[in-house]
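Shown next, in structure tokens, is the structure this report addresses.
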Amino acid sequence: MSDWLGLDGARVLVAGAGSIGAELVRGFAAAGARVAVGDVDGERLAQLDATTFEVDVRSPEACRDFVKGASDALGGLDVFVHCVGINDRRPIEDYGDEDWESMLAVNLSSAFWLAQAAVAEMRGQASGRVIFFSSVAGQLGHRHHGPYAATKGGINQLMKVMANELAHEGITVNAIAPGYVETELTREHLAKPGVRDKLLSLIPAGRFGTTAELVGPVLFLASRQAGFVTGHVLYVDGGRTTV
């Protein structure tokens, strides 16, 4: 499988070591890649067999230092995955200024700063892969998701512009848009009375996704097999966006 993907020895940087990010680190390593990962939570990082960096992605300087440090440690950069995100579900009028600014910084601004730095490391190689994590919320108007949905819509547009600008350099830029996956970001919400059954009724597959089911799509977009795939949002949602 690693031969088909062409990821053996690839230099991969993953931003985010939560449930999904940690799964991706393990998946890339299993495909033979050399992996660096960054997160604000040192305890998460300590559980991963990879080159690790503790980083607060709300700072543009910290983002740039993180990418440069990871690239230096890996001897360059072939793949960058942005898998950082927070959410806070409430009616639109209940968000304060700090709530908006915090979600914008973590979910969208960090994607811009990190990807900008990652592309700078990839230039001159005639190849590279940038993969963002979006969400079905970037397309659907979910109630109580105002700032989160806005950041994911922003991710989709940032991805398309970058794909357009970088295609001639052999750098592809795509996004993965999961539906509901049980992670630490969704677990508390899914435990609320009636929420689980309501959400399941909206998913044609009749179940939530797993973090493991996101690894294959990401590895494909990162692989040599996806060299002509760019500017694409890949929905991994059990059919949620078809409803």
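Counting from 1, the numbers follow the sequence of the chain as shown.
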Stepwise side chain to side chain contact (heavy atoms under 4.5 Å, CB included) check, Val181 with Leu214: CA-CA 9 Å; Val181 175; Leu214 295 170; 4.2 Å; yes
Chi angles and distances behind the side chain to side chain contact (heavy atoms under 4.5 Å, CB included) call for Tyr95, Trp100: CA-CA 7 Å; Tyr95 290 102; Trp100 170 262; 5.6 Å; no
CA sep, side-chain torsions, deciding dist, call: Arg26, Asp49, salt bridge (Lys or Arg N to Asp or Glu O under 4.0 Å): CA-CA 8 Å; Arg26 291 188 285 266; Asp49 185 12; over 6 Å; no
Verdict with supporting geometry, Arg196 and Glu182, salt bridge (Lys or Arg N to Asp or Glu O under 4.0 Å): CA-CA 11 Å; Arg196 180 177 291 269; Glu182 296 203 50; 3.2 Å; yes
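Formation of a donor-acceptor pair under 3.5 Å by the Asn174 side chain with backbone atoms of Val229 is found in this model. A donor-acceptor pair is defined here as one N or O able to donate and one able to accept, closer than 3.5 Å; no such pair exists between the side chain of Gln125 and the backbone of Ile171. For Ser201 (side chain) and Lys198 (main-chain N/O), a donor-acceptor pair under 3.5 Å exists by modelled atom type. A donor-acceptor pair under 3.5 Å is formed between the side chain of Arg11 and the backbone N or O of Gly75. Side-chain N or O atoms of Arg34 include one that pairs as donor or acceptor with a backbone N or O of Leu74 at under 3.5 Å. At least one donor-acceptor pair under 3.5 Å links the side chain of Ser110 to the backbone N or O of Val106. The main-chain N or O of Gly96 is found under 3.5 Å from a side-chain atom of Asp99 such that the two form a donor-acceptor pair. Using a distance-only test at 3.5 Å, with no hydrogens or angles considered, no donor-acceptor pair links the side chain of Tyr148 to the main chain of Asn107. A donor-acceptor pair under 3.5 Å is absent between the side-chain atoms of Arg129 and the main chain of Asp78, judged by distance alone.
Residues Leu13 and Val81 form no side-chain contact, since every pair of their non-hydrogen atoms from C-beta on lies 4.5 Å or further apart.
A distance of 11.0 Å separates NE2 in His82 from CZ in Phe133, rounded to the nearest 0.5 Å. Rounding to the nearest 0.5 Å places CG of Asp197 at 11.0 Å from CG of Leu190. Annotation: the span from Thr151 atom OG1 to Ile155 atom CD1 amounts to 7.0 Å, rounded to 0.5 Å. The CG atom of Asn156 sits 11.0 Å away from atom NE2 of His232, with the distance rounded to the nearest 0.5 Å. To the nearest 0.5 Å, the span separating OH on Tyr235 from OG on Ser134 amounts to 6.0 Å. Distance check, rounded to the nearest 0.5 Å: CG of Asp72 to OG1 of Thr51 gives 12.0 Å.
Closest approach of Thr172 and Gly227 over heavy atoms only: CG2-O, 3.6 Å. Shown here for Ala50 and Val37, the closest heavy-atom pair between the two residues is CB-CG1, 4.1 Å. Taking each heavy atom of Leu114 and Val57 in turn, the nearest pair found is CD1-CG1, 4.1 Å. The two residues Glu213 and Pro217 have their closest heavy-atom pair at O-CD, 3.3 Å. The two residues Leu45 and Ala17 make their nearest non-hydrogen contact at CD2-CB, 4.0 Å. Here the shortest heavy-atom pairing between Val12 and Ala33 reads CG2-CB, 3.8 Å.
The aromatic rings of Phe220 and Trp4 sit parallel to each other, their planes meeting at less than 30°, with 60° as the upper class boundary. Ring geometry, Tyr180 versus His189: the interplanar angle falls under 30°, so the pair is classed parallel (tilted spans 30 to 60°).
Test Val35, Leu5, Val215 against Phe28 for side chain to side chain contact (heavy atoms under 4.5 Å, CB included) and you get one pass: Val35.
Surrounding CZ of Arg64 are more than 12 heavy atoms belonging to other residues, nucleotides or ligands, all under 6.0 Å away.
Here Glu101 pairs with nothing under the side chain to side chain donor-acceptor pair (under 3.5 Å) rule; sequence neighbours left out.
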